[in-house]
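Reviewing the structure listed below.
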Amino acid sequence: MNFFDLFGTWLAAGLTVAILSFLYRDNPLYKFAEHIYVGASAAFWVVIFWYSDVKPMLIDRALDPQYPLGEKLILLIPTIFGIMMLLRWFPKVAWISRWPIAFTVGMAAGLALTATVQGYIVPQIKATLFPVVVITKDPLISLWRSLMNIFVIFGVFTTILYFYFSKEHTGLLKVGSRIGIIFIMVGFGASFGYTIMARISLLIGRIYFLLHSWLGVID
Amino acid sequence: MKREVPLAITFITGVLLVVAFFVPHPPLGDLQQRFQIWYSIVAGFTFLLGLDSLVKHHLKKIQHRRSGWGFSVALLISFFTTLILGFYSWFVFSSPYDLRAPFQWLYTSVILPLQATMFALLAFFIASAAYRAFRARNLAASLLLVSAGIVMLGRVPIGKAIWSGLPVISDWIMNYPQMAAKRGILMGTYLGAIAMSLRIILGMERTYLT
């Protein structure tokens, strides 16, 4: 192990312990590590974003002599929008930054209208259109699958009913939305349990790092 | 100029994207991809605004010796060190992703452990919040508690050791009721997103201009 690897391990271990110290209570060590994290990640994402997105999409194309002149001129539009965004630094002309914001909002709205329907709503509906009668060689499996398909369709329908606020929840709608809340609660509980387990596995990873890579007390 | 032009830009951009979706031929065919590139370029500049705001905030804190200013010094040092190492790796090693680059070392020694530990720490806080929220006071809270408990136990060896049926029930919950609820919620969310997009394009929703 060279010096930088060793130093890196000690640094990572120190920062890990500093963050975990918050379990005792808020303390300067934790705050120090927290501030280091904010500073390092902000700069990290800038470098990554400019290298992965802005460089290939703007800088490389603008500097490439083979890239068509017309396309280069078109690239001036987002560049000007970007510069307009920076006009927020000058209060007198800060209002101009609303133009690129309007472009990004319009783009997000335009994409949401089309891509959401095509990429999310239609596939979700398609995935819910199960056959309610499944026939296999085993009648028990057929019955189970049929019941489960009906169960999922019923669950999706009642969950949507719960979020239907255009009519007062009375009568049949009330019954439907009550069943919907049962599905929602089971779903939230399961998602919660799943999230906790993901976090626990991260914690195990950090503890393993401390005991294995840093202290070397376990294999 | 201050309100009408942004509203017009939003309307034109939104409508053009919708039209381009239904008319996938030149000159509109590649509009979606082109706008996404433009979006990334604009976002690159927006990052600079964010950084400026972060640096200014902490510089002011240091200048006025406000409480915790020492932490701001640590933040600025880590910020500029990462930035310098990032651009150094980019120009000297041709890529910040190069495994020999100091930027990668910084990522594995500082950012990765901090990020993973920060998220791991959340396990304790979620659990403590859950203790308060999940107390079986009514049917809904009880369902939440039971399904969370089964899914957690069903995902670890101790769950199987307690009862071999736990992983099976855990999988059933994930594959049927959880999926049904998630699907219903997602459909509702997406329909809401569509309604909001329409309001934005038609200029009925203008909060982004304030």
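The structure displayed is predicted, hence computed values, not measured ones. Lettering of chains follows the sequences in order, A, B, ..., and the numbering in each one begins at 1.
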Evaluation steps, side-chain contact (heavy atoms from CB on, under 4.5 Å), between B:Trp105 and A:Leu11: CA-CA 11 Å; B:Trp105 177 86; A:Leu11 187 63; 4.0 Å; yes
Quick one: pull up [atom1] in [X] and [atom2] in [Y] and give me the separation to the nearest 0.5 Å.
{"X": "B:Ile9", "Y": "A:Trp99", "atom1": "CD1", "atom2": "CH2", "result": "6.0 Å"}
{"X": "B:Gln115", "Y": "A:Leu202", "atom1": "CD", "atom2": "CG", "result": "9.0 Å"}
{"X": "B:Ser78", "Y": "A:Tyr37", "atom1": "OG", "atom2": "OH", "result": "11.5 Å"}
{"X": "B:Ser94", "Y": "A:Tyr51", "atom1": "OG", "atom2": "OH", "result": "7.5 Å"}
{"X": "B:Leu144", "Y": "A:Ile182", "atom1": "CG", "atom2": "CD1", "result": "13.0 Å"}
{"X": "A:Phe188", "Y": "B:Leu143", "atom1": "CZ", "atom2": "CG", "result": "13.0 Å"}

Contact check, side chains of [X] and [Y], non-hydrogen atoms, under 4.5 Å:
{"X": "B:Leu112", "Y": "A:Phe209", "value": "no"}
{"X": "B:Ile194", "Y": "A:Val117", "value": "yes"}
{"X": "B:Trp38", "Y": "A:Ile74", "value": "yes"}
{"X": "B:Ile111", "Y": "A:Trp45", "value": "no"}
{"X": "B:Pro177", "Y": "A:Phe151", "value": "yes"}
{"X": "B:Asn138", "Y": "A:Met185", "value": "no"}
{"X": "B:Met187", "Y": "A:Thr128", "value": "yes"}

side-chain contact (heavy atoms from CB on, under 4.5 Å) between A:Leu111 and B:Gln36, intermediate numbers included: CA-CA 10 Å; A:Leu111 280 181; B:Gln36 271 171 342; 3.7 Å; yes
Heavy-atom neighbours of A:Phe4 CZ exceed 12 at 6.0 Å: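 Check fails, neighbour count at 12 or below.
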Within 6.0 Å of CG in A:Leu6, more than 12 heavy atoms from elsewhere: yes
Quick check on [X] against chain B: is it the side chain, the backbone, both or neither that has a heavy atom closer than 4.5 Å?
{"X": "A:Met197", "value": "side chain"}
{"X": "A:Leu75", "value": "side chain"}
{"X": "A:Ile153", "value": "neither"}
{"X": "A:Phe163", "value": "side chain"}
{"X": "A:Ser201", "value": "neither"}
{"X": "A:Ala13", "value": "neither"}
{"X": "A:Pro28", "value": "both"}
{"X": "A:Arg178", "value": "neither"}
{"X": "A:Trp50", "value": "both"}

Minimal non-hydrogen separation, [X] against [Y], with atom names:
{"X": "B:Val110", "Y": "A:Ala40", "result": "CG1-CB, 4.5 Å"}
{"X": "B:Thr82", "Y": "A:Ala43", "result": "CB-CB, 3.6 Å"}
{"X": "A:Arg206", "Y": "B:Ala116", "result": "CD-CB, 3.6 Å"}
{"X": "A:Val54", "Y": "B:Gly44", "result": "CG2-CA, 3.8 Å"}
{"X": "B:Pro113", "Y": "A:Thr16", "result": "CB-OG1, 3.8 Å"}
{"X": "A:Thr79", "Y": "B:Ile41", "result": "N-CG2, 4.3 Å"}

By a 4.5 Å heavy-atom criterion (distance strictly below it), what part of [X] contacts chain A: side chain, backbone, both, or neither?
{"X": "B:Met174", "value": "side chain"}
{"X": "B:Arg34", "value": "side chain"}
{"X": "B:Ser128", "value": "neither"}
{"X": "B:Ala43", "value": "both"}
{"X": "B:Leu48", "value": "both"}
{"X": "B:Leu51", "value": "side chain"}
{"X": "B:Leu54", "value": "side chain"}
{"X": "B:Phe103", "value": "side chain"}
{"X": "B:Thr189", "value": "neither"}
{"X": "B:Leu209", "value": "both"}

Counting heavy-atom pairs closer than 4.5 Å to chain A, which one of [options] comes out on top?
{"options": "B:Trp90, B:Phe124, B:Tyr97", "value": "B:Trp90"}
{"options": "B:Ile84, B:Leu114, B:Leu17", "value": "B:Leu114"}
{"options": "B:Leu122, B:Leu139, B:Val19, B:Ile173", "value": "B:Leu122"}
{"options": "B:His58, B:Gln178, B:Lys182, B:Gln32", "value": "B:Gln178"}
{"options": "B:Phe71, B:Tyr176, B:Tyr39, B:Phe11", "value": "B:Phe71"}
{"options": "B:Thr117, B:Val151, B:Ile12", "value": "B:Thr117"}

Donor-acceptor pair, side chain of B:Arg183 and main chain of A:Val152, under 3.5 angstrom: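 No, B:Arg183 side chain to A:Val152 backbone: no donor-acceptor pair under 3.5 Å.
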N/O donor-acceptor pair under 3.5 Å between B:Thr13 side chain and A:Met107 backbone: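 A pair under 3.5 Å: no.
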CA sep, side-chain torsions, deciding dist, call: A:Tyr30, B:Leu121, side-chain contact (heavy atoms from CB on, under 4.5 Å): CA-CA 12 Å; A:Tyr30 168 77; B:Leu121 202 65; 4.2 Å; yes
Would you please indicate if the ring centroids of [X] and [Y] are separated by under 6.0 Å?
{"X": "B:Phe125", "Y": "A:Phe22", "result": "yes"}
{"X": "B:Tyr190", "Y": "A:Tyr120", "result": "yes"}
{"X": "A:Phe81", "Y": "B:Phe45", "result": "no"}

Residue pair B:Leu191, A:Ile160: steps toward the side-chain contact (heavy atoms from CB on, under 4.5 Å) verdict: CA-CA 11 Å; B:Leu191 288 172; A:Ile160 292 173; over 6 Å; no
Distance-only polar pair, side chains of A:Thr104 and B:Tyr208, donor-acceptor under 3.5 Å: no
